[in-house]
Protein chains: 4
Amino acid sequence: MPETAGLSRKERDQQRRREDLLAAAEHLFGLKGYHHTTMEDIAHEAQYGTGTIYLYFKKKEELYEALLERKIGDYVEFVQGRVESVASPIDKVRTLLRAKLEFFEKHMEFFRIYLAEMTTADSTLHRSCNERRERMYYAHQEFVARTLSDAMQAGAIREVDPTRLATAFEGVVNPLLSEWIKQRSRESLCVIESFVIDLLLKGLEKK
Amino acid sequence: MPETAGLSRKERDQQRRREDLLAAAEHLFGLKGYHHTTMEDIAHEAQYGTGTIYLYFKKKEELYEALLERKIGDYVEFVQGRVESVASPIDKVRTLLRAKLEFFEKHMEFFRIYLAEMTTADSTLHRSCNERRERMYYAHQEFVARTLSDAMQAGAIREVDPTRLATAFEGVVNPLLSEWIKQRSRESLCVIESFVIDLLLKGLEKK
Amino acid sequence: MPETAGLSRKERDQQRRREDLLAAAEHLFGLKGYHHTTMEDIAHEAQYGTGTIYLYFKKKEELYEALLERKIGDYVEFVQGRVESVASPIDKVRTLLRAKLEFFEKHMEFFRIYLAEMTTADSTLHRSCNERRERMYYAHQEFVARTLSDAMQAGAIREVDPTRLATAFEGVVNPLLSEWIKQRSRESLCVIESFVIDLLLKGLEKK
Amino acid sequence: MPETAGLSRKERDQQRRREDLLAAAEHLFGLKGYHHTTMEDIAHEAQYGTGTIYLYFKKKEELYEALLERKIGDYVEFVQGRVESVASPIDKVRTLLRAKLEFFEKHMEFFRIYLAEMTTADSTLHRSCNERRERMYYAHQEFVARTLSDAMQAGAIREVDPTRLATAFEGVVNPLLSEWIKQRSRESLCVIESFVIDLLLKGLEKK
DNA sequence: TATGAATGAGTGTTCATTCAT
DNA sequence: GATGAATGAACACTCATTCAT
């Protein structure tokens, strides 16, 4: 959420319009995908004229890009904030998983976009645009890896390749979240949360 | 690979054309994505005329759909074959992971398509088309779940929700494969294989 | 230059704004052409807001039209003034050519616009708008024709169709000026002046 | 007119379509100007679908460019052919003027385009495109200059700067042609022809 | 049957013009 | 009055799909 303090009314209005447009774009890109969403759709959803979008974003791609950057930024910030707010290494590890689930529970529409982008990497946009985003993503991956690595150092978890483990952490949750969203069975995400944490921490081996 | 025995030459020719077109589509969809690949691209790659595609597939979507069905079928068949060829329940569990890695190592281009489809679910295509494929996918998920469930029954692994575990199995491997493909570092996939198997079987808990 | 005497301050301010806008339009239309110049460009160049233009001109076309009228008026006035300030019929003829060169030397940017308009006639604007301007242009052509006709009457030049001659006078100078502007070789226009005068008066026939 | 001999039927068909499209473009660009003519207009005029144009020309600009190149080529070829078909230097000079009038009498619509392009030079198109055309134009100017220069050498006309004279030749005729086209008074162009030739050769000086 | 030229609906983008402040 | 943000009509261009050959 962008700072609004200390801005003139004009600037705040501009901010608000940008937010409106980003929200509409998030909704529709999430719902129908990038290619099946037209600029007119977005403008209509946000209750603006088509041309208005172009006052805030140069191209459709740029709007998409801005959306991703914004939300991934929010995501990364949210997870890291949570992790840093707990003390013990093992709780940090648990929080990595919990916070992700919590964030996407609140931003389900965005989850579709996130997944598509994280997995297909570059089929939607041109290479150049992706660079900044890839940097954000890798920075986060590194944060996750470091958290895991710290936990190993502290003797809280077993020693394995932390980068690979970070990637695996990323992966396990995704299809579980996907399913959960699809079925909307609405048992709270807690069940999934404890399932994953239990699985990863204890493994499948019988004692 | 489709049956060719007992077909007239005409029918065999038709089969061959279909294969050619599917192969070209696989290559290009994998390379540039669905929306950035034109029908002409595909026809050209396969060395046919544009119109020819429409003798074998009604629409672009149908070609995509056919491709998915075919390859996912191959995938499912491959994994299930492997799993069934080993005897012990715990080896079956290991083989679930091994076979997946092995298959996609040989079909890297298709992995991109597979991932996109598994994650975005229905943004590429219209709902109706997806039904058959979803059935295939769920059938496979069930097979995985059953294999895992059998292993639990046999006391080879700990008891957890087998469906959820199946979903988790699916998920962990994907981003690891993705990274492996992207970096083309070409240490054999064995490393990833043992990493995943070790992680899931033993978990992270210290003894 | 429009009269400013006897106007209230408000009226003088309005006049000034109009002038500013016309000047900006002249610069940009001359530089980039009518279609490649946006209303925002003009407003920005003149340091006004976009909407302000519409307080002074109903449409883009009207601004263009006003610009043409104004400058062609200046041009015609300038040439006619010069011609009337000399006495002998043959000098008047020479002055027709000299004055044109002199005017456009000082208004090179406008020359581009003038040329485009004189040659393409009505492709830039709708017919109706052109009427007033065509009248101005023809009025000037008549003035030129009369001046030439007078010179014939006075026995200063040979008798030929004066209207056609007026048109020819108009024509010869244009591409020479065009070249001169393009090459910016900046030998003074005198050379061109004497070339044209010599050519038209003496012709190419050997004595 | 392009060669059609030795081409397959397919190639001849393609040629014909190109011609159709160029003809439609010529008509409409001449009538309404480049910017007021839409691709759909052109397609409709030529009785094709909009997309068809893009099979033959990459962009609107390219169509315009192709049209100019083609017709200016025709023009240059026509004039030079005529000039070379007469023997005496003074007749060559006369033919320069005659042939131009004759050509544009048959291609009146194109004359509008020609004029606009020759005078405004680069406001319609991007620089790069213009290069080839500028070369064509200057090559022709040089031909004219050489013809005039030859006539001077041969003692057929007085000695003046041949390049400048070539430019003047170009210029005088244009507005006369313009007037003639506008008034459609349809006295044959001969009158204009003899007027110009008489003017330029004999000049205005009384004997 | 196979082709690839023709099509035209659909979309991103621009910009003259309006109007609330 | 002056502004400049908002608008939406208009247009170039693409590409899945058709169909005459």
Side-chain angles (χ1 to χ4, degrees), chain A residues 9-10 13-14 16-17 20-21 35-44 46-64, chain B residues 10 13-14 17 34-44 46-64, chain C residues 10 13-14 17 21 34-44 46-64, chain D residues 9-10 13-14 17 21 35-44 46-63:
Chain A
R9 195 166 63 76
K10 197 170 102 178
D13 274 7
Q14 287 210 358
R16 192 163 39 71
R17 301 241 192 292
D20 289 349
L21 290 167
H35 288 287
H36 293 316
T37 302
T38 69
M39 292 304 260
E40 213 191 332
D41 286 345
I42 296 170
H44 186 82
Q47 314 229 49
Y48 292 104
T50 331
T52 308
I53 303 184
Y54 290 88
L55 296 176
Y56 298 92
F57 306 95
K58 263 212 295 289
K59 308 157 79 351
K60 188 186 184 185
E61 262 187 4
E62 202 183 288
L63 167 58
Y64 182 69
Chain B
K10 200 169 96 178
D13 274 7
Q14 288 211 357
R17 299 232 198 293
Y34 180 80
H35 287 287
H36 292 91
T37 301
T38 70
M39 293 302 260
E40 213 193 329
D41 285 345
I42 296 168
H44 184 81
Q47 316 227 46
Y48 291 104
T50 329
T52 307
I53 303 184
Y54 290 85
L55 297 176
Y56 299 91
F57 307 94
K58 260 211 304 287
K59 311 156 84 334
K60 189 186 186 185
E61 266 185 2
E62 202 183 286
L63 167 58
Y64 181 70
Chain C
K10 199 170 97 177
D13 273 7
Q14 289 211 355
R17 299 232 196 294
L21 290 167
Y34 179 80
H35 287 287
H36 293 90
T37 301
T38 69
M39 292 304 260
E40 213 194 329
D41 285 345
I42 296 168
H44 184 81
Q47 315 227 46
Y48 291 104
T50 328
T52 308
I53 303 185
Y54 289 84
L55 297 175
Y56 299 92
F57 306 95
K58 258 211 305 288
K59 311 156 85 332
K60 189 185 185 185
E61 266 185 1
E62 201 182 287
L63 167 57
Y64 181 70
Chain D
R9 194 165 65 74
K10 197 172 102 180
D13 274 8
Q14 288 210 359
R17 302 242 192 292
L21 291 167
H35 288 286
H36 293 315
T37 302
T38 70
M39 292 305 258
E40 213 192 331
D41 286 345
I42 296 170
H44 185 81
Q47 315 228 47
Y48 291 105
T50 331
T52 307
I53 303 184
Y54 291 87
L55 297 176
Y56 298 91
F57 306 94
K58 263 212 295 290
K59 310 156 80 341
K60 188 184 184 187
E61 263 187 3
E62 202 182 287
L63 168 57

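Residue numbers begin at 1 in each chain, while the letters A, B, ... track the order of the sequences.
Of the candidates F:dA5, E:dT7, E:dT14, F:dA5 carries the atom nearest the A:L55 side chain, counting heavy atoms from C-beta on. The nucleotide whose nearest atom lies closest to any side-chain atom of A:T50 is, among F:dG8, E:dT3, E:dT17, F:dG8. When distances run from any side-chain atom of B:T38 to the nucleotides E:dT3, F:dG1, F:dC15, the shortest one goes to F:dC15. Closest contact between the side chain of A:M39 and the listed nucleotides E:dG12, E:dT17, F:dT17 involves E:dG12. Distances were taken from every side-chain heavy atom of C:Y56 (C-beta onward) to each of F:dA2, E:dT3, E:dA5; the shortest belongs to F:dA2.
Residues forming a salt bridge (charged side-chain N to carboxylate O under 4.0 Å, His left out) with B:D41 (at least two apart in sequence, or on another chain): B:K32. C:A46 pairs by the side chain to side chain contact (heavy atoms under 4.5 Å, CB included) definition with C:L21, C:A24, C:Y48, not counting sequence neighbours. For C:Q14, the side chain to side chain contact (heavy atoms under 4.5 Å, CB included) partners are C:Y56, not counting sequence neighbours. For D:T50, the side chain to side chain contact (heavy atoms under 4.5 Å, CB included) partners at least two apart in sequence or on another chain are D:M39, D:E40. For C:K58, the salt bridge (charged side-chain N to carboxylate O under 4.0 Å, His left out) criterion is met by C:E62, not counting sequence neighbours.
Atom NZ in B:K60 sits about 8 Å away from atom C1' in F:dC15, given to the nearest Å. Atoms CD1 (A:I53) and P (E:dT13) sit 10 Å apart, rounded to a whole Å. Per the geometry, NE2 belonging to A:H44 stands 15 Å off C1' belonging to F:dT7, to the nearest Å. Atom NE2 in D:H35 sits roughly 13 Å away from atom P in F:dC11 (whole-Å rounding). Following rounding to the nearest Å, B:D41 (CG) and F:dT14 (C1') show an atom-to-atom distance of 12 Å. Atom CD in D:Q47 sits roughly 12 Å away from atom P in E:dG8 (whole-Å rounding). The distance from atom CZ of A:F57 to atom P of E:dT14 is 15 Å, rounded to the nearest whole Å. Atom CD in B:E40 sits roughly 14 Å away from atom C1' in E:dT7 (whole-Å rounding).
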For this session: Both distances under 3.5 Å, Watson-Crick or G-U wobble: on that basis, could you give the dot-bracket string for DNA chain E, with [ ] for crossing pairs and | for other-strand partners?
Result: .||||||||||||||||||||
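Shortest non-hydrogen contact noted between B:H35 and B:K60 is CA-NZ, 4.3 Å.
Taking 4.0 angstrom as the limit, B:K59 places a side-chain polar atom (N or O) nearer than this to OP1 or OP2 of F:dT17. In terms of phosphate contacts, C:R17 brings no side-chain nitrogen or oxygen within less than 4.0 Å of OP1 or OP2 of F:dG1.
Projected onto DNA chain E by closest heavy-atom contact, A:Y54 and D:D13 fall at different nucleotides, the more 5' of which corresponds to D:D13. In this structure, D:G51 and B:G49 both approach DNA chain E, and ranking their closest nucleotides by distance from the 5' end singles out B:G49.
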For this session: Using the salt bridge (Lys or Arg N to Asp or Glu O under 4.0 Å) rule, take D:D13 and D:K10 through it: C-alpha gap first, then chi angles, then the decisive distance, then the call.
Result: CA-CA 5 Å; D:D13 274 8; D:K10 197 172 102 180; over 6 Å; no
